[in-house]
Amino acid sequence: QVQLVESGGGLVQPGGSLRLSCATSGFTSDYYAIGWFRQAPGKKREGVSLISTSIGSTYYTDSVKGRFTISRDNAKNTVYLQMNSLKPEDTAVYYCAAPASGVVVTTLIDPLEYDYWGQGTQVTVSS
């Protein structure tokens, strides 16, 4: 059974940093993409970043480019999202997600392409 568990959220001041973790288990293959998404109150869930398979190609939505970095540690089955220079508009519940086995996702970071989701972790950026 595929499971994804996020951690690392919290309250941080503008300009601060947080590192989110997504611990994964239950995948039958070592090759799978992981996406990070976020959803603010009253807004649609949006794609933030994607790391593809074991090669580690990375993609970001424009609003976080240069501030967020996605990475993976395959030995620990964990994907990270390092968030720097945080802004109040980054406040949201952050989720990690994976597609079904064998599905190749696009670089659009579209939540509709993902089948397995974690429970989310709250990130609040406020002074």
Taking side chain as C-beta onward, heavy atoms only, is [X] less than 4.5 Å from [Y]?
X      : Y      : result
Ser49  : Phe68  : no
Trp117 : Arg45  : yes
Ile34  : Leu4   : yes
Val123 : Met83  : yes
Trp36  : Val79  : yes
Pro99  : Glu113 : no
Val64  : Arg38  : yes

Between [X] and [Y], which heavy-atom pair has the shortest distance, and what is it?
X      : Y      : result
Ser17  : Asn84  : OG-OD1, 2.9 Å
Leu18  : Val12  : CD1-CG1, 4.1 Å
Pro14  : Ser127 : CD-N, 3.7 Å
Tyr114 : Val105 : OH-CG2, 3.6 Å
Gly118 : Tyr95  : O-CD2, 3.6 Å
Leu20  : Tyr94  : CD1-CB, 3.6 Å

hydrophobic_cluster_shared for Ile70 and Phe37, side chain cutoff 4.5 Å: no
In Å and rounded to the nearest 0.5 Å, what is the [atom1] to [atom2] distance from [X] to [Y]?
X     : Y     : atom1 : atom2 : result
Ser52 : Arg72 : OG    : CZ    : 8.0 Å
Leu50 : Thr58 : CG    : OG1   : 8.5 Å
Lys87 : Ser63 : NZ    : OG    : 8.0 Å
Phe27 : Gln1  : CZ    : CD    : 11.5 Å

Before you tell me yes or no, could you show the steps for Thr91 and Gln122 under side chain to side chain contact (heavy atoms under 4.5 Å, CB included), namely the whole-Å CA-CA distance, both residues' side-chain angles and the distance that decides it to 0.1 Å? CA-CA 8 Å; Thr91 295; Gln122 177 71 47; 4.0 Å; yes
Would Arg67 and Tyr60 count as a cation-pi pair here, with the cationic atom under 6.0 angstrom from the ring centre and within 45° of the axis? no
Cut-off 3.5 Å, side chains only: do Ser71 and Gln82 have a donor facing an acceptor? no
Is a side-chain donor or acceptor of Glu6 paired with a backbone partner of Cys96 at a separation under 3.5 angstrom? yes
Using modelled atom types only, decide if a donor and an acceptor are shared between the side chain of Thr24 and the backbone of Asn77 within a distance under 3.5 Å. yes
Does a side-chain N-to-carboxylate-O contact under 4.0 Å join Lys65 and Asp62? yes
